[in-house]
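Step one of this worksheet: look at the structure below.
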2 protein chains.
Amino acid sequence: MSSTNSLTSEELGSPAQRERRQRILDAAVALSAKGGFEQMQMRAVAERADVALGTLYRYFPSKIHLLVSVLGQQFEEAYLSLVRKPIPGDTAADRVMFVLGRTTRSLQREPNLTEALTRAFMFADASVAGEIHVVEVHVTRMLMAAMRNSRDATTLQPTEEELAITKVVGDVWLASLVQWVTGRASAHDVGASLDTAVRLLLR
Amino acid sequence: MSSTNSLTSEELGSPAQRERRQRILDAAVALSAKGGFEQMQMRAVAERADVALGTLYRYFPSKIHLLVSVLGQQFEEAYLSLVRKPIPGDTAADRVMFVLGRTTRSLQREPNLTEALTRAFMFADASVAGEIHVVEVHVTRMLMAAMRNSRDATTLQPTEEELAITKVVGDVWLASLVQWVTGRASAHDVGASLDTAVRLLLR
DNA sequence: AACCGAACTGGAACGTGTTCCTATTATGCA
DNA sequence: TGCATAATAGGAACACGTTCCAGTTCGGTT
C-alpha cells in the first residue's frame, strides 16, 4: 500500500485536473453502487473515468485511498445538507438519533456503495490517515451539531464529555454499519443498536 | 471469496486431519506474528504447515476465514484463562475494565498478530459469519462474566440491559483496536477510550 | 513560436489470493 | 487383502491490485 496521500482538489493546478479527479470519484461511486467493493475494480474505474491506469494511481495511490476519499466527499455532502436547516428534536438524544437515523437510511439506500465504502474504511491502514481524518471530522461535526442544536456548533469548543460521547456513538455507528454491510445485522438491528447506545450515553 | 465454512476440528474425522488443521493455524499465527496481515501469505502458510496449497484451501476457504478462525481460537483461550480465577474488582465497571485491560495488553504484546487478526475480522464478509460468530460468543461471555463476577454467568439468562451494554462495549473495543492497529491511536488511547465508554455506560 | 519539464497514455509485467487439474496416497469397506 | 472413494501433493493458471516504462501531449516560460 502506498504511503503518499491522495491529491486533494485544492492542490490540483488546472481545471482539467480537477475535472479528472471528479470523474474518477464519480466512476468509483458508480461502479461501487453497481457491484460493491469487489466489483469496483481499478481498471474499470480508469476506463470509465477515461484516464490511464497510471494516472488513476497518481491521483489516488490505492483503491482504499480512492474509496475513503469517496466516503469523505459523501459525508461532506451529508453534513452540508444537514446543517441547512435546524435539527429537529427537543433533547440532545432526540437530535442525535435524528441525525443517525437520517444518515443511516441514506446509506442503506445504496447498499453496495455503502458496503464498498465501509469495508475500505475498516481496511485502511496508517497511510490513509489523511483521508480518514476528513471522514472523522465530518462525522464529529454532524454529531456535535446535533448535540448542540446550533448551526455554529463548530465554532464553540466542545467539552471533554461531549467529545467522549461523540466518539463512542461514532464507534458504535461504525461497528453497526460493518455488521450490516456484512449481512450480520439487519437495517432494523442497526437502528436498535444506535438507539440503545444513545439512550445509555445521553441519559 | 468462498461461501463455505472453515472445517472445524469436530467435523474432522481422523487425528491426522486434526493435526493438519492445527499445524495450519499455528503456521498462520507464526507468520502473522512475524509480519502482520500482508506477510501472512497463503503459500507460506501452506509450506510452513507442510500441506499443499489446495489442501490449505480445503480446510480454510480463504485467508480471511483462516485468520478469523485463529482469532476465535485466541479468544477461546483468553476466555478459558480468564474464568479460571474470579475476576477482581468491586463494581461491574471495575471488573469489565480489568478484563478489557488484561485482554488488550495481551493483544498489544503481539502487535503484528493483532493487526492481522483485527484487519481480517473487519474485512470479513457474510461468508465468514460462522467464524465471526464464534468470536462474538467468546467476547460476549468474557464481558458477561465480568459484569456478573460469577463463574456460571453463562448459565444465567442475561438481561436486555446487560446485553445492550456488552454490545456497545464490544463495539467500542473493536473500533479502538482498529484504530490502534492502523496506527491512528496509541495503546494509551485505546485504554482511555475503553475507560470512557465503561464510565459512561456503567454508572 | 520553440522549448522544457510535468502530466498523461497505453500496455506490459509482477505479486499474491484463489482456482483448477492430474497423479499419488490414505481411508474405510467388502 | 483388494477395491472404491476421498483426501492430498504438486504445480500451472487466472484475476486483480499495483508498479513500471517508453512514447506522447499539455502548460507554462522565454
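The basis for the numbers below is simple: all heavy atoms, side chains too, and nothing from hydrogens, waters or symmetry mates. A quick note: this is a predicted structure, and the numbers were derived from the prediction, not measured. Residue numbering restarts at 1 for every chain, and letters A, B, ... go by the order of the sequence lines.
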Can you tell me the distance, in whole Å, between the CG atom of Leu67(B) and the P atom of dT18(C)? 10 Å

Under 3.5 Å, N/O pairs linking protein and nucleotides 12-14 of chain C:
unit_1, atom_1, unit_2, atom_2, d
dA13(C), N6, Arg43(A), NH2, 3.3

How would you list all residue pairs meeting side chain to side chain donor-acceptor pair (under 3.5 Å) that involve residues 25-34 of chain B, not counting sequence neighbours? Gln22(B)-Asp26(B)

Applying salt bridge (charged side-chain N to carboxylate O under 4.0 Å, His left out) to Glu131(B) and not counting sequence neighbours gives none

Can you tell me how far P of dT16(C) sits from CZ of Phe37(B), to the nearest Å? 13 Å

Please list all pairs passing the ring pair (Phe, Tyr, Trp, His ring centres under 6.0 Å) test where one or both residues lie in residues 92-114 of chain A, with sequence neighbours left out. none

Tyr59(A) vs dA7(C): side-chain N/O to OP1/OP2 distance below 4.0 Å: no

List the residues meeting salt bridge (charged side-chain N to carboxylate O under 4.0 Å, His left out) with Glu136(A), not counting sequence neighbours, and say none if there are none. Arg184(B)

Review item, nucleotides 24-30 of chain D N/O atoms under 3.5 Å of protein N/O:
none

Write down the distance between NZ (Lys63(B)) and P (dT18(C)), rounded to a whole number of angstrom. 8 Å

Does Lys63(A) make a cation-pi contact with Tyr57(A) (under 6.0 Å, within 45 degrees of the axis)? no

Give the rounded distance in Å between these two atoms: CG of Asp50(A) and P of dT9(C). 7 Å

Taking the side chain of Thr55(B) as its heavy atoms from C-beta onward, which of dT8(D), dT18(D), dG17(C) lies nearest to it? dT8(D)

Under 4.0 Å from OP1 or OP2 of dT8(D): is there any side-chain N or O of Tyr57(B) that close? no

Measuring from the side chain of Gln41(A) (C-beta onward, heavy atoms only), which nucleotide among dT8(D), dG17(D), dG10(C) has the closest atom? dG17(D)

Rounded to whole angstroms, how far apart are CD on Glu38(A) and C1' on dT18(C)? 12 Å

Is any side-chain N of the basic residue among Glu115(A) and Arg119(A) closer than 4.0 Å to the acidic one's carboxylate O? yes

Would you mind telling me which residue lines up with the more 5' stretch of DNA chain D, Gln39(A) or Arg23(B), judged by nearest nucleotide? Arg23(B)

List the atom pairs, with distances to 0.1 Å, where a side-chain N or O of residues 161-169 of chain B and a protein N or O form a donor-acceptor pair under 3.5 Å, not counting sequence neighbours.
unit_1, atom_1, unit_2, atom_2, d
Glu162(B), OE1, Arg148(B), NE, 3.3
Glu162(B), OE1, Arg148(B), NH2, 2.9
Glu162(B), OE1, Thr159(B), N, 3.0
Glu162(B), OE1, Thr159(B), OG1, 3.4
Glu162(B), OE2, Arg148(B), NE, 2.9
Thr166(B), OG1, Glu162(B), O, 2.7
Lys167(B), NZ, Ser193(A), OG, 3.2
Lys167(B), NZ, Asp171(B), OD2, 3.0

Looking at dT18(C), dT9(C), dG17(C), which one has an atom nearest to any side-chain atom of Ser62(B)? dT18(C)

Quickly work out the Gln17(A) CD to dA6(C) C1' distance and round it to whole Å. 9 Å

When rounded to whole Å, the CD1 to C1' distance for the pair Ile64(A) and dT18(D) reads 13 Å

Applied to residues 64-73 of chain B, the salt bridge (charged side-chain N to carboxylate O under 4.0 Å, His left out) test, sequence neighbours excluded, yields none

Measure from NE2 on His65(A) to C1' on dT18(D) and round the result to the nearest Å. 13 Å

By side-chain contact (heavy atoms from CB on, under 4.5 Å) - contacts of Ala185(B) (at least two apart): Gln179(B), Asp189(B)

